[in-house]
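For reference, the structure is listed below as structure tokens.
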There are 2 protein chains.
Amino acid sequence: MSKPSIPKGTRDFGPKAMVRRQWMFDTLRRVFKAHGFLPIQTPSFENLSTLTGKYGEEGDQLIFKILNNGDYLAKVGEDVLSSRESKSLTPLISKKALRYDLTVPFARFVVMNRNELSFPFKRYQIQTVWRGDRPGKGRYQEFTQCDCDIIGSESMMCELELVQILSEGLTALNVPSFRIHMNDRRLLQALASMGGVAEEHFAEWTVAVDKIDKVGVEGVIRELEERGLPQSASARLPELIEFRKHTNPIAALEALLPMVQEIGEGMEAWTSLKELVEQALKTGVKMEALRVDPLLARGLDYYTGTIFEVLVDDAPVGSICGGGRYDDLTGIFGWPGMSGVGVSFGADRIEDVLNHFEAWPAMSEEGLDAMVVQMAGGDFSQELHLTQDLREAGLSVELYPDPVKLKKQFKYANDRSVRWVLVLGENELATDTVVLKDMRQGIQEVTSIAEAIQKIQDSVSV
Amino acid sequence: MSKPSIPKGTRDFGPKAMVRRQWMFDTLRRVFKAHGFLPIQTPSFENLSTLTGKYGEEGDQLIFKILNNGDYLAKVGEDVLSSRESKSLTPLISKKALRYDLTVPFARFVVMNRNELSFPFKRYQIQTVWRGDRPGKGRYQEFTQCDCDIIGSESMMCELELVQILSEGLTALNVPSFRIHMNDRRLLQALASMGGVAEEHFAEWTVAVDKIDKVGVEGVIRELEERGLPQSASARLPELIEFRKHTNPIAALEALLPMVQEIGEGMEAWTSLKELVEQALKTGVKMEALRVDPLLARGLDYYTGTIFEVLVDDAPVGSICGGGRYDDLTGIFGWPGMSGVGVSFGADRIEDVLNHFEAWPAMSEEGLDAMVVQMAGGDFSQELHLTQDLREAGLSVELYPDPVKLKKQFKYANDRSVRWVLVLGENELATDTVVLKDMRQGIQEVTSIAEAIQKIQDSVSV
């Protein structure tokens, strides 16, 4: 028997991490609710056909497929097996796949439930997603996304609300110096066409440009060359990457204007970005939190308008949030023309950032308020009774399960950071009292049970 | 493009179901915390070897395996492919599998984190599990378990605490007339040996007997015959199944005693069951909620002592909770001799039961407190400002995203069951007032903004 382990890119969460994560989810849920978003959840696995073809070529390869149960080879043709082609075999032995994000399942949900929903429909969804990415810093194969989307309105008001939510959510989570990078895929398309990138190569161009933070401008230029795109496709990248350094997003947009005018395309996108930034600033989003980033690409195929990505200065991980507008995500499921826009908070990366900067707010461990000792030869029923009285007073309490030596029981209480330990000795049983030990102060006293409960309650509610 | 669907045995949860489920999880979490259990979570997929061989032969077949990413056939030998044996191929093309329950991952977690934990370790875990079962009433391929386990103590006190938790949890969840069936695997073993079942056939015998609720005594007798077990193996089943009808569990145990004495085995189990029942009754667990059920088997391989299963009279589903003691679950991961015991609440079946009996407590929809109308040609900034003021007052508020006709906006407000709608018309903008419409009463008035906020807050806090 080998030593147990867990798959690479996955993690266990112990009690300390759980308390923090629970706080993180509760905080975001509060923000989503304040904006009137409704909760939904979708299944962990979808039909394979629901997911494939939505995330670009690279994305498709990272989707985890589930092997059909039973004798899955029974109906596979001899030719496929002998060809040894994994790609042809996959759809024959796998019908289901794990969620890759929450956006595509949401679109599928909207189409299936369109008659029961009121539009514009605003939903939030906090669930795990899975990607077969090479594990690394801030890159997990299993992670939790906290998404909110508005579907059924083309109004820029929706983008504005999402920028507010990003700002309010990250502020409430205590994330230090975050920057909401904004762009518009139509503007990006204009810039690509200016670089002589033909429409059919636009997706390729964005996949390369999207890596600019990881591989730098040189890396992108190299990839574009390798993909056989014209040199002009990368000519202005060094100039464009400068825009994101502007700490004043309005000034950045003004500086970008001549180029947009020169191309004669993307003007609509430029105007709506400007309006978005102006309105966001009016509602109290801080200027230093907003960046215009004309090279922001987002690798996913389905974005068509505004796109977002949130970065944190000096963070150990890449973007912590992302999102954008998709004009026709439900179209792929047979209901065209429903425009939507959404953002996603990457809970695991936010956790990494808060760990890195030690930026967690003070938070009480999810622990134990009090422990009742089980005495060897004591009165078990009375001890049990006392435990229940404490619980009925709203406290988190344990009766030690074995009547072992007091030393061992007190060590356990100490390990669990319990402040109050109660002992029912012979004297106490005879006089209807209890020994109440304050582990923090290192003092103990004999009191009535009612007084002991009161004292513990007072200390907990502080 | 085909109509979108979701895999059989899975479900989407819309806003209404989500509010109820959230309440269910919060309620159980509160009970677990009151008893000092600590939260953990484990990854959705484990190494395949972690899971296989733990759930019995039938269980193993229901584990969902994940196909390796990339060209998974590349290293598969020609002989395996040409043999067309799914079973031999699986371990070569799949290294990971989805959680089948929370107990085995918990044992793996305990072994991997043994140096950081204080024992006895009490944890709760609320997570999804997956089983490739044939979908049906109350049988899902994806469902949520809410588990609590105590590991590192052999004390019957642990079983007692779990019976308390079952009783407290199900009562808090408003589950009607539930019955906690109890047995002990050692007693079951004694009964099997009395029936002439050899030790090596015990597992088979329990698998058959475990189906007694689904297929009846006759069905079990048939299966035992088919498996080639002696006729004596089923001789006393009709007699034994009567015990579970005893509404007095102490009386049931007394009635069972002569048989235990006759076998000369299982006496220890009988005694500890009796003590457990007696103590549970003392702590306030209701007698009608406790059943002694000498045929209760639980299909899982790892149980060795007390076992639990909770049933609800006239429910549309099978057991809603289950659990038991396992003497050596961590032994399979290299750390023998750690006894543990746990129970699991099946959230989805409890949901089914509450739906069936319409037993949900009154619960406010997770909705919207107020909506601000967006006027065509109105002052968008002022409307946005008003929306934010309402949110800062702790309310859940939406500004309608498009300046469409009032009729459409009010229809949306109505669909979302919003009570308060606010309108900033020309007059109101000029006089620093707002039209506040009470959708429930069908009346409206012009008030100051401060008064409007106060009024909405008062109505929400009721």
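Below, chain A is the first sequence line, B the second, and so on; all start at residue 1.
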[X] versus chain B, heavy atoms under 4.5 Å apart: side chain, backbone, both or neither?
X	answer
Phe380(A)	side chain
Ser5(A)	both
Glu161(A)	side chain
Lys65(A)	both
Leu117(A)	neither
Thr387(A)	neither

For [Y], does its backbone N or O pair with a side-chain atom of [X] as donor and acceptor, under 3.5 Å?
X	Y	result
Asn69(B)	Gln61(A)	yes
Arg416(B)	Gly36(A)	yes
Ser153(A)	Pro401(B)	no
Ser86(A)	Tyr72(B)	yes
Glu46(A)	Ile6(B)	no
Glu142(B)	Ser44(A)	yes

Heavy-atom distance under 4.5 Å to chain A: side chain of [X], backbone, both or neither?
X	result
Glu383(B)	neither
Ala74(B)	backbone
Asp369(B)	neither
Thr90(B)	both
Lys122(B)	side chain

Considering non-hydrogen atoms only, spot the tightest contact between [X] and [Y] and give its length.
X	Y	answer
Pro120(B)	Tyr400(A)	CD-OH, 3.4 Å
Lys33(A)	Ser396(B)	O-OG, 2.6 Å
Asp415(A)	Ser118(B)	CB-OG, 3.1 Å
Glu398(B)	His35(A)	CG-O, 3.6 Å
Ser155(A)	Asp402(B)	CB-OD1, 3.1 Å

query: Taking 4.0 angstrom as the limit, do Glu78(B) and Arg84(A) come out as a salt bridge?
result: yes
- prompt: Do the charged groups of Asp12(B) and Arg108(A) touch, with an N to O distance under 4.0 Å?
  reply: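 Here Asp12(B) pairs with Arg108(A) in a salt bridge, since their nearest N and O are under 4.0 Å apart.
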- request: For residues Glu168(B) and Gln388(A), determine if any side-chain heavy atom of one lies less than 4.5 Å from a side-chain heavy atom of the other.
  value: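 Answer yes - side chains close enough.
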field: Side-chain touch Pro4(B)/Thr50(A), heavy atoms, less than 4.5 angstrom
entry: no
- prompt: In terms of heavy-atom pairs under 4.5 Å, which option from Gln374(A), Met371(A), Gln164(A) contacts chain B the most?
  reply: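 The option with the most such pairs is Gln164(A).
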- request: Count the heavy-atom pairs under 4.5 Å between each of Asn113(A), Thr283(A), Asn68(A) and chain B, then report the option with the highest count.
  value: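 The residue among Asn113(A), Thr283(A), Asn68(A) with the greatest pair count is Thr283(A).
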- prompt: When you look at Arg29(A) and Gln22(B), which way does the side-chain contact (heavy atoms from CB on, under 4.5 Å) test go after all the steps?
  reply: CA-CA 12 Å; Arg29(A) 202 179 284 131; Gln22(B) 192 67 47; 3.8 Å; yes
- prompt: Counting only heavy atoms not in Gln127(B), do more than 12 fall under 6.0 Å of its CD?
  reply: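 Yes.
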- prompt: Does the ring center of Phe64(B) lie less than 6.0 Å from the ring center of Phe45(A)?
  reply: yes
Find the one option among [options] whose heavy-atom pairs under 4.5 Å with chain A are most numerous.
options	result
Val404(B), Thr42(B), Val397(B)	Val397(B)
Arg11(B), Arg391(B), Met157(B)	Arg391(B)
Gln141(B), Lys87(B), Lys411(B), Met156(B)	Gln141(B)
Ile150(B), Thr128(B), Leu98(B)	Leu98(B)

message: Checking side-chain contact (heavy atoms from CB on, under 4.5 Å) between Leu67(B) and each of Leu67(A), Ile63(A), Ile66(A), Leu89(A), which is the one that passes?
response: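 In the set Leu67(A), Ile63(A), Ile66(A), Leu89(A), the residue that makes a side-chain contact (heavy atoms from CB on, under 4.5 Å) with Leu67(B) is Leu67(A).
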message: Could you measure the distance from the CG atom of Leu384(B) to the NZ atom of Lys282(A)? Nearest 0.5 Å is fine.
response: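 If I round to the nearest 0.5 Å, the distance is 9.0 Å.
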Check against side-chain contact (heavy atoms from CB on, under 4.5 Å), Arg123(B) and Met18(A): CA-CA 12 Å; Arg123(B) 83 88 175 76; Met18(A) 282 299 294; over 6 Å; no
task: Go through the steps to decide whether Leu38(A) and Leu368(B) satisfy the test side-chain contact (heavy atoms from CB on, under 4.5 Å), and finish with yes or no.
output: CA-CA 9 Å; Leu38(A) 289 168; Leu368(B) 211 50; over 6 Å; no
